[in-house]
Amino acid sequence: MCLCIGPMKSGKTLLLRKLRGDDIDDATSVVQTNGINLFMIRSNDKQFELEIREIGGSMAPIWKHHLDRVYKVIYVVDTSNLCQISAAGVLLYSLLVEPQLERAKFALILTKMDLSYRQMRNEALLMLHFSRLQREVRQEITVIEASGVTGLGVEKLREWIFDPVTLANASRR
């Protein structure tokens, strides 16, 4: 299973709607997820379809109860909100130490890059202590800059989700 999580208002729902192929523009509004949303995402060649379970940021205290059989985690961080980045780091660290996610692959999605200045990527990674994190955890973490409004990074995320090696390993579990 693929899980999409992150702090409240980080842009998870909008990003997944864009990934699903919904028309998104500046007038699109999204209601904060206070539970679980399920998104069916298709590969570019339409041969594969995968269910992604999005769990709202308000449910962070119980995320650990939804980790069974998760082999990919899309972790979304709002880079336009400096105050949220540190809190997002704490939540990310708590996930990375979960024994059930020991073999999971992580995509660290830096969202709302269209709202912040370019240097924000480096600042966000510094605030998350990303270089240290890469040295200390077993999980593979891929960083993707994305925007649910402009579509930046959406295809890169789709490629990460439908990576053939990971899908083959997941089907064996």
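Just so you know, these numbers use all the heavy atoms, side chains as well, and skip hydrogens, waters and symmetry mates. Worth saying up front: this structure is predicted, and the values here are computed from it rather than measured.
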Interatomic distance, Ile109 atom CD1 to Leu19 atom CG [nearest 0.5 angstrom]:
9.5 Å

Hey, what do you get for CD (Glu145) to CG (Leu157), rounding to the nearest 0.5 Å?
13.0 Å

Tell me whether Lys112 contacts the main-chain N or O of Gly148 through its side chain, where contact means a donor paired with an acceptor under 3.5 Å.
no

Atom CD1 of Ile161 and atom CD1 of Ile52: how far apart are they, to the nearest 0.5 Å?
3.5 Å

Check the pair Ile55 / Cys4 against side chain to side chain contact (heavy atoms under 4.5 Å, CB included), numbers first and verdict last.
CA-CA 6 Å; Ile55 304 178; Cys4 181; over 6 Å; no

Spell out, as yes or no, whether a donor-acceptor pair under 3.5 Å connects the side chain of Lys18 to the backbone of Ser147.
no

Pairs satisfying salt bridge (Lys or Arg N to Asp or Glu O under 4.0 Å), at least one member in residues 124-142, at least two apart:
Glu102-Arg138, Lys105-Glu140, Arg132-Glu136

Please check this pair: side chain of Tyr71 against backbone of Leu101, looking for a donor-acceptor N/O pair closer than 3.5 Å.
no

Could you walk me through whether Asn44 and Glu155 pass side chain to side chain donor-acceptor pair (under 3.5 Å), step by step?
CA-CA 9 Å; Asn44 281 333; Glu155 286 310 310; 3.0 Å; yes

For the atom pair CE (Met1) and NZ (Lys72), what is the distance rounded to the nearest 0.5 Å?
14.5 Å

Backbone N/O of Gly56 and side chain of Trp63: donor-acceptor pair under 3.5 Å
yes

Listed once per pair and sorted, the salt bridge (Lys or Arg N to Asp or Glu O under 4.0 Å) pairs that draw on residues 47-67, sequence neighbours left out:
Arg42-Glu49

Applying side-chain contact (heavy atoms from CB on, under 4.5 Å) to Leu128 and not counting sequence neighbours gives Ile85, Leu108

Contacts of Asp45 that satisfy side-chain contact (heavy atoms from CB on, under 4.5 Å) - sequence neighbours left out:
Ser43, Gln47, Phe48

For the backbone of Val77 and the side chain of Thr111, can you confirm whether one donor and one acceptor N or O come within less than 3.5 Å of each other?
yes

The side-chain contact (heavy atoms from CB on, under 4.5 Å) partners of Val137 (sequence neighbours excluded) come to Leu96, Leu133, Gln139, Ile141

